[in-house]
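Notes to accompany the following structure.
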Amino acid sequence: MITSIVFDVGETLTRDDRYWGRWADWLDVPRHTLSALVGAVVAQGRDNADAIRLLRPGVDLGAERAAMETAGLGEVLDDSDLYDDVRPGLAALRSAGYRVHIAGNQTARAGELLRSLDLPADTISTSGEWGCAKPTAAFFERVLATAGSDPAATLYVGDHPANDVAPAARAGLRTCLLRRGPWGHLWADTADPAPDFRIDGILDLPTVLTS
């Protein structure tokens with residue numbers, strides 16, 4: 001029986017357009033150029049940050065992020081970055097008795113911004129705060145420790161088969177692929193292992209879990 005549901009962040013709860021748009025502006029390249037490179041590197045199984053490294057070989061991403069913050073162009077996140085079904089979907093799951101958690105590959109600053117949105121979630125954590133990132137086993141160990149639930153009672157929901165579904169399954173969690181964003185659509189029917197559930201929106205989840 002599933003008691004805890006943990007959500008990925010980027011392209012699961014939040015749209016990535018503004019994030020990558022700000023990076024493109026900072027690097028002084030067309031937004032489409034960077035967006036296309038992000039798609040290309042991830043389709044090749046590489047880290048999406050490699051798109052920036054292709055444009056600026058040898059770049060120190062940490063130093064660039066710090067410079068952006070200093071220039072007043074650092075990370076921003078507000079309700080306009082959320083998909084429309086996030087608040088009602090998370091609220092519906094909590095009302096149904098599930099514990100709801102958020103944990104994804106984001107910076108510590110993104111964690112602060114997410115918590116400031118007062119989302120209907122029991123905990124909000126990021127890889128930057130934990131010091132480990134998906135798809136490592138350490139990340140999902142932290143997920144389970146934070147959720148306080150057994151793997152078989154924990155559902156991880158994400159858009160990326162390789163970063164979300166496969167490593168969560170290896171850690172013993174139940175899995176759900178959200179067909180959203182580039183990766184959720186690109187690999188919707190080819191995830192290996194197959195997810196326990198597939199949904200098109202968060203509001204579908206309460207019905208799927210009880211059917």
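In this text, all values refer to a predicted model and were calculated from it rather than measured experimentally.
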**Request:** State the CD-CG distance between E75 and L113, to the nearest 0.5 angstrom.
**Result:** 6.5 Å
**Message:** Let me confirm one number: the CZ-CG distance from R65 to L73, rounded to the nearest 0.5 Å.
**Reply:** 14.5 Å
**Asked** Are any non-hydrogen side-chain atoms of I102 and V6 less than 4.5 angstrom apart?
**Response** no
**Connected via hydrophobic side-chain network under 4.5 Å: I199 and L186** = no
**Validation row: M1, L209 side chains within 4.5 angstrom (heavy atoms)** = no
**Prompt:** Regarding T146 and S125, is there a side-chain donor-to-acceptor distance under 3.5 Å anywhere?
**Reply:** no
**Prompt:** Going by heavy atoms in the side chains, are L177 and F197 under 4.5 Å from each other?
**Reply:** no
**R179/D159 salt bridge by N-O under 4.0 Å criterion** = no
**Ionic contact status for D25 with R22, cut-off 4.0 Å** = no
**Asked** Would R99 and D122 pass as an ion pair if we require N to O under 4.0 Å?
**Response** yes
**Asked** Does any N or O in the side chain of D47 come within less than 3.5 Å of the main-chain N or O of D50, such that one atom is a donor and the other an acceptor?
**Response** no
**Item:** Carboxylate-amine/guanidinium contact R115 E129, below 4.0 Å
**Value:** yes
**Asked** Linking I/L/V/M/F/W/Y whenever their side-chain heavy atoms sit closer than 4.5 Å, directly or via other members, would V86 and Y19 fall into one cluster?
**Response** no
**For F140 against A171, the heavy-atom pair lying closest together** = CB-CB, 3.8 Å
**Message:** Test your reading of the model: is there a side-chain donor-acceptor pair from T12 to the backbone of G158, 3.5 Å cut-off?
**Reply:** no
**Complete:** In short, W130 meets A103 closest at the heavy-atom pair CH2-CB, 3.8 Å
**Message:** Rounded to the nearest 0.5 Å, what separates atom CG in L173 from atom CG in L155?
**Reply:** 8.0 Å
**Item:** Atom CG of D84 with >12 non-hydrogen neighbours under 6.0 angstrom
**Value:** no
**Request:** For residues L77 and L117, report the shortest heavy-atom separation together with the two atoms involved.
**Result:** O-CD2, 4.1 Å
**Item:** side-chain contact (heavy atoms from CB on, under 4.5 Å) between L61 and R53, worked out
**Value:** CA-CA 9 Å; L61 289 173; R53 297 184 181 102; 3.2 Å; yes
**Prompt:** Below 6.0 angstrom between ring centroids: does that apply to Y156 and F7?
**Reply:** no
**Prompt:** Looking at R198 and D204, does any basic side-chain N land under 4.0 Å from a carboxylate oxygen?
**Reply:** no
**Asked** Are side-chain heavy atoms of Y83 and I202 found at a separation under 4.5 Å?
**Response** no
**Prompt:** Does I5 belong to the same Ile/Leu/Val/Met/Phe/Trp/Tyr cluster as L144, with side-chain heavy atoms less than 4.5 Å apart forming each link?
**Reply:** no
**Prompt:** Given T3 and Y98, is the side-chain contact (heavy atoms from CB on, under 4.5 Å) satisfied, shown in steps?
**Reply:** CA-CA 5 Å; T3 59; Y98 298 102; 5.8 Å; no
**Message:** What I'd like to find out is whether the side chain of H160 reaches to under 4.5 Å of the side chain of D8, using heavy atoms alone.
**Reply:** no
**Asked** Going hydrophobic residue to hydrophobic residue with side-chain gaps under 4.5 angstrom, can you get from L13 over to V76?
**Response** no
**Prompt:** Going hydrophobic residue to hydrophobic residue with side-chain gaps under 4.5 angstrom, can you get from W26 over to I52?
**Reply:** yes
**Item:** Minimal non-hydrogen separation, P195 against T175, with atom names
**Value:** CA-OG1, 3.2 Å
**Worked verdict on T154 versus S149 for side-chain hydrogen bond (donor to acceptor under 3.5 Å, both in side chains)** = CA-CA 6 Å; T154 308; S149 54; 2.5 Å; yes
**Prompt:** Which pair of heavy atoms, one from L82 and one from R15, lies closest together, and at what distance?
**Reply:** O-NE, 4.0 Å
**Asked** Is it true that a side-chain atom of S35 and a backbone atom of R31 form a donor plus acceptor pair closer than 3.5 Å?
**Response** no
**Prompt:** Do W23 and E64 have side-chain heavy atoms sitting under 4.5 Å apart?
**Reply:** yes
**Message:** Let me confirm one number: the CG-CG distance from D78 to L114, rounded to the nearest 0.5 Å.
**Reply:** 11.0 Å
**Message:** Under a 3.5 Å distance rule, please check whether T136 uses its side chain to pair with a backbone N or O of C132 as donor and acceptor.
**Reply:** no
**Complete:** OG of S4 to CG of D150, rounded to nearest 0.5 Å, is 9.5 Å
**Prompt:** Are the side chains of W20 and L37 in touch, meaning some heavy atoms are under 4.5 Å apart?
**Reply:** no
**Request:** Kindly indicate whether the side chain of L205, heavy atoms from C-beta on, has any atom under 4.5 Å from the side chain of V157.
**Result:** yes
**Under 3.5 Å: donor-acceptor pair, side chain of N105, backbone of K134** = yes
**Request:** To the nearest 0.5 angstrom, please state how far the OG atom of S80 sits from the CZ atom of R18.
**Result:** 4.0 Å
**Message:** Among D16, D85, D200, which residue satisfies the salt bridge (Lys or Arg N to Asp or Glu O under 4.0 Å) criterion with R180?
**Reply:** D85
**Message:** So which atom in V100 and which in L93 form the shortest heavy-atom distance, rounded to 0.1 Å?
**Reply:** CG2-CB, 3.9 Å
